[in-house]
A.B. asks: 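Here you go, one structure.
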Amino acid sequence: MERTLKDLSTQPCVLIAHNAKFELGWMRRHGIPLQNFLPFDTMLAEYVLAGNRPWPLDLDSIAQKYRLGSKGRLIDRLMKGGVCPSEMPEQLLAQRCESDVSLTTQLFYLQRELLEQAGLTRVVYTRCVTTPVLTIMESEGMLLDHAAVAAEYDSLIQRRAHLQTALTALAAGVNLRSGKQMGEFLYTTLGFREMKDRHGNPLRTATGRPRTDSLALSSLTATTDSQKHFLKLKQEHSKIDSALTKTLDFFYRVCEERGATFRAQFHQSRTRTHRLSSSGRRLGFSDGSERGVQFQNLPRAYKRLFVARNGNLIVEADGAQLEFRVGGSLAHDPQILRDVQEGADVHRFTASVLHRIPEDQVTKRQRDGAKADTFKPMYGGMSGTPRQKAYYEAFRQKYHSLHSTQQGWTMSVLRDGCLRTASGLTFYWPGTRMDQSGYVQNSSSIFNYPIQSLATAEIIPISLVYLFWLAAAETPSVRFVNTVHDSVVAEVPAKELDKYRALVVESFLNRTYEFMDKVYGIDLYVPLGVSIRAGTRWGEGEEVVTSDPYRGGSSEDAT
DNA sequence: TCAAGATGCGCG
DNA sequence: AAAGCGCGCATCTTGA
């Protein structure tokens, strides 16, 4: 007897598909509930087997690699050419569907063996259980506040016009957006001296052109008032121009023409560390332009332009110091554990070394300025001023267990060309060598991948999946709208806020510990923490930090 | 005229 | 000689 997908969706069911999010998206649009489907995604399986190797992930390429034959090219060409399936030869289309199903099935059986041999089955399922959640989240989109967007847009448009007039007077005929023209103007016409490294070599772009980005501009020594004036105007112009062209112009049009809501996609197989990436769904506008904005690099200052639907609250849950703590767990670093237990202010330590003063004399300004340096040495950062280097050295000494663990990773890559990490996911750096000075190629990536990967490709997705399904059962009117590496954003009715907060703590801490232990055999040595912020607009509201209540951590208000 | 590369800039 | 990691999008430049 034939059963429909809708029948199947009422009981637990494994769905085997290549790029399952695509199929799940169609099922969702047809009103089929997704909670009973466990996908096995052959694309994600291949991605997990690849680790950080850039293997092709389309079904055709994989089928060829496994010698499963190739699917018909004609339908592919028609699809690419934008032909609607209803216009395609029915016979060919049916053949193509059957061939896809057959290829995917054969691929599944082959991958199942390979994954088991490699100890990667659990990693694949961790990826796969995230897919239905992302499918639903992608379909929600995020809502802008029309009035707030319009006000910000008008003010930036005006300001940019003003800056443009002023800059044109100072740099007639120079295209402010052209690095080439800007470089000639700065370093030839105005005669600025380029930023140099400590050996006196100019810091150039990859192709040897002088840099004109904001960092380079702020390093220039302006001698005259008009030079100072120009630099100031140009830096402000770059910032405003980038905000307008990349973000606000799009927001404004979305509000005017698209009901103030826009969507993005999440990609599970794009990054080397297996964290997610995002890209915007492109929208066409009345001026003929077509553009999109992704969800993971929105300017922080513009979070306040987003609101929840139905007058609800926007709630952001954030993994506290996530990579630092996960690094501490992987290395069993007692100093990181102490820092977390005592709620130490890591940036204050940075500032005290940089400014050579005791920690209790560090000002807020010095502390904030030190933030950029704090975690640079965690991923192998070495270069900088003598004081920065002194700090990097101090970091390596203070967290010596972390550093020696990372060196151990580097040594095993030198020996084997690859590194198997805590989850089993393996990264490959073939041909890695040490040079005369003792510097190992790829060492920064080797320091980073195991930490970034466990933190943002395993821990947060699992927390998200637990939170999503707990909320579906207990606070069903909560709508999940975004996730950004260490955070989850949801729209929550005010009267359900307390209940939702409890679910966040339960999922980000207890359930995640349980999963990491049962599935991966990983006992997190440093407790995780989660901070929650709830407000009418995204990013507003008091932040409340919770450390693990069962591991001696404390609950405190963040400052 | 078009595609690919380079650059700059936003986020964690 | 130099050396934090990971992304996506807009714009300009380059080369065919």
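No hydrogens, no waters, no symmetry mates; every other heavy atom, side chains included, goes into these values. Please read these numbers as outputs of a predicted model, since none were measured by experiment. To find a chain, count down the sequence lines: A is the first, B the second, and so on, and within it residues start at 1.
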A.B. asks: Looking at the base of C/dC5, is there any donor atom on it, or on the side chain of A/K376, that sits under 3.5 Å from an acceptor on the other one?
C.D. replies: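 No such pair is found, so the answer is no.
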A.B. asks: Classify the ring geometry between A/F427 and A/H274 as parallel (under 30°), tilted (30 to 60°) or perpendicular (over 60°).
C.D. replies: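 Perpendicular: the ring planes of A/F427 and A/H274 meet at over 60°.
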A.B. asks: Does B/dT7 have OP1 or OP2 under 4.0 Å away from a side-chain N or O of A/T205?
C.D. replies: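 It does, given that an N or O in the side chain of A/T205 lies less than 4.0 Å from OP1 or OP2 of B/dT7.
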A.B. asks: Determine whether any donor atom in the side chain of A/N297 lies under 3.5 Å from an acceptor atom in the base of B/dG10, or the reverse, and answer yes or no.
C.D. replies: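 Indeed there is one.
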A.B. asks: Quick check on C/dG4: is either OP1 or OP2 less than 4.0 Å from any side-chain nitrogen or oxygen of A/Y392?
C.D. replies: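 So the side chain of A/Y392 is outside the cut-off, no N or O lying under 4.0 Å from OP1 or OP2 of C/dG4.
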A.B. asks: Cation-pi check, A/K376 to A/Y392: give yes when NZ or CZ is under 6.0 Å from the six-membered ring centre and within 45° of the ring axis, no otherwise.
C.D. replies: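 No cation-pi geometry.
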A.B. asks: Could you check whether A/R204 gets within reach of a base, just the sugar-phosphate, or nothing at all, counting any heavy atom under 4.0 Å?
C.D. replies: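 Since no nucleic acid heavy atom lies under 4.0 Å of A/R204, the category is nothing.
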A.B. asks: What nucleotide, of B/dA6, C/dG6, B/dC11, holds the atom closest to the side chain of A/P299?
C.D. replies: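 That would be B/dC11.
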A.B. asks: Would you please classify the geometry between the A/Y449 ring and the A/W429 ring as parallel, tilted or perpendicular, with 30° and 60° separating the classes?
C.D. replies: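 Ring orientation, 0 to 90° scale: tilted.
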A.B. asks: Has the side chain of A/D435 got a donor or acceptor atom sitting under 3.5 Å from an opposite partner on the base of C/dA2?
C.D. replies: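 Answer yes: a donor N or O sits under 3.5 Å from an acceptor.
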A.B. asks: For A/R177 and B/dG8, is the shortest distance between a side-chain N/O and OP1 or OP2 below 4.0 Å?
C.D. replies: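 Negative; the distance criterion is not met.
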A.B. asks: Answer yes or no for A/R291 and A/F250: cation-pi contact, defined as NZ/CZ to six-membered ring centre under 6.0 Å and angle to ring axis within 45°.
C.D. replies: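 Checked: cation-pi criterion not met.
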A.B. asks: Select base, sugar-phosphate, or nothing to describe what A/R275 touches, counting heavy atoms under 4.0 Å on all strands.
C.D. replies: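 The answer is base, as A/R275 lies within the cut-off (heavy atoms under 4.0 Å) of a base atom.
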A.B. asks: For A/T212, report the nucleic acid contact type (base, sugar-phosphate, nothing); a contact means any heavy atom under 4.0 Å.
C.D. replies: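 If one applies the 4.0 Å heavy-atom cut-off, A/T212 turns out to touch the sugar-phosphate alone, with no base involved.
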